[in-house]
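If you read the sequence from its start, that first residue is 1, and numbering goes on from there.
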Amino acid sequence: MKTRIYLSGKMTGLTREEVMYRFAKAEMELRHQTGATIVNPCRVWAFRCPRFYRIMEWLFGKSNAYNLVLLYDLWLISRCQRVHFIGPDWQTSRGAVTEAHFAQAARMVVTMEIYDKNRKKK
């Protein structure tokens, strides 16, 4: 069975383009390095269909809509063997921290992107 790696990182407060770029870059690098199947949350319905998410917010409230998406993400993680955290700011994300606790409780392999503060952005 091929290893499945879930990508986790900060999304809230970043532009949609920045989130998609960060996650796509990490997905491509990890796939190249490991040959694993990468589970990218930017490719699931909640992120790809912002109108549907806004309808969920209207129906259930912002907090409940967020929690439903996070619950779905935790289910996705439960189907993986590893969680990989991206970006220097993932620890400031409520969702990513929740995913880290879940992965730790499930005794999953957790890896993190190495980030050099002195490296200039391209």
Side-chain angles (χ1 to χ4, degrees):
M1 183 173 93
K2 202 171 193 183
T3 301
R4 292 170 55 103
I5 302 172
Y6 180 87
L7 293 179
S8 181
K10 182 177 177 118
M11 290 184 174
T12 304
L14 302 176
T15 65
R16 186 175 181 80
E17 292 76 24
E18 185 175 2
V19 170
M20 291 182 75
Y21 173 77
R22 279 184 178 192
F23 279 76
K25 181 177 177 236
E27 179 180 4
M28 199 170 31
E29 288 174 358
L30 273 176
R31 187 177 293 121
H32 176 70
Q33 291 170 2
T34 65
T37 299
I38 309 300
V39 179
N40 183 343
C42 291
R43 298 192 186 281
V44 299
W45 59 271
F47 192 83
R48 293 179 68 179
C49 305
R51 279 190 230 149
F52 183 70
Y53 186 73
R54 283 194 289 277
I55 291 169
M56 284 178 53
E57 287 179 331
W58 180 76
L59 287 172
F60 307 118
K62 282 189 175 210
S63 182
N64 288 334
Y66 177 88
N67 289 338
L68 286 170
V69 171
L70 184 57
L71 188 61
Y72 180 72
D73 290 343
L74 295 176
W75 177 78
L76 288 173
I77 291 172
S78 73
R79 300 180 44 121
C80 296
Q81 291 77 41
R82 181 172 146 192
V83 179
H84 182 79
F85 292 90
I86 62 173
D89 52 1
W90 72 266
Q91 293 176 328
T92 64
S93 166
R94 186 176 97 190
V97 169
T98 301
E99 292 167 349
H101 288 298
F102 181 86
Q104 184 180 21
R107 300 183 187 269
M108 300 176 76
V109 174
V110 173
T111 56
M112 292 171 210
E113 182 177 75
I114 297 171
Y115 183 77
D116 181 2
K117 290 181 184 177
N118 299 320
R119 186 178 77 188
K120 293 184 180 181
K121 287 188 175 182
K122 294 180 183 178

Report yes if some heavy atom in the side chain of [X] is under 4.5 Å from a heavy atom in the side chain of [Y]; otherwise report no.
X: I77; Y: V83; result: yes
X: F85; Y: T111; result: no
X: M11; Y: F23; result: yes
X: T15; Y: M20; result: no

Please answer whether the main-chain N or O of P88 pairs with a side-chain N or O of K10 as donor and acceptor at a distance below 3.5 Å. no

Test item: Y66 side-chain N/O and E57 main-chain N/O as donor-acceptor pair under 3.5 Å: no

Apply the test side-chain contact (heavy atoms from CB on, under 4.5 Å) to residues Y21 and K25: give CA-CA distance (whole Å), side-chain angles for both, the deciding distance (0.1 Å), then the verdict. CA-CA 6 Å; Y21 173 77; K25 181 177 177 236; 3.7 Å; yes

More than 12 heavy atoms of other residues, nucleotides or ligands under 6.0 Å from CZ of R31: is that the case? yes

State yes or no: do M28 and V19 share one hydrophobic cluster built from I, L, V, M, F, W and Y residues joined by side-chain heavy-atom distances below 4.5 Å, directly or via other members? no

Working note: M112 + W90, criterion side-chain contact (heavy atoms from CB on, under 4.5 Å); need CA distance, chi angles, decisive distance, verdict. CA-CA 10 Å; M112 292 171 210; W90 72 266; 3.8 Å; yes

Over all atoms of both residues, closest heavy-atom pair of [X] and [Y]:
X: G9; Y: S93; result: O-OG, 4.2 Å
X: R16; Y: P50; result: NH2-CD, 3.9 Å
X: C80; Y: R4; result: CB-O, 3.4 Å

Audit row: M108, Q81, side-chain contact (heavy atoms from CB on, under 4.5 Å) steps and yes/no: CA-CA 6 Å; M108 300 176 76; Q81 291 77 41; 5.7 Å; no

Quick one: pull up [atom1] in [X] and [atom2] in [Y] and give me the separation to the nearest 0.5 Å.
X: H84; Y: N40; atom1: NE2; atom2: CG; value: 11.5 Å
X: Q33; Y: I38; atom1: CD; atom2: CD1; value: 9.0 Å
X: L76; Y: Y6; atom1: CG; atom2: OH; value: 6.0 Å
X: L71; Y: N64; atom1: CG; atom2: CG; value: 11.5 Å
X: C42; Y: E27; atom1: SG; atom2: CD; value: 9.0 Å
X: L59; Y: R54; atom1: CG; atom2: CZ; value: 13.5 Å

Can you tell me which residue pairs pass the salt bridge (charged side-chain N to carboxylate O under 4.0 Å, His left out) test with a partner in residues 83-108, sequence neighbours excluded? R22-D89

Enumerate the residue pairs fulfilling salt bridge (charged side-chain N to carboxylate O under 4.0 Å, His left out) with a member in residues 61-72, sequence neighbours excluded, ordered by first and then second residue. none

Residue pairs passing the side chain to side chain donor-acceptor pair (under 3.5 Å) test where at least one lies in residues 70-80, sequence neighbours excluded: none

Might you work through the side-chain contact (heavy atoms from CB on, under 4.5 Å) test for V109 and I5, ending with a clear yes or no? CA-CA 9 Å; V109 174; I5 302 172; over 6 Å; no

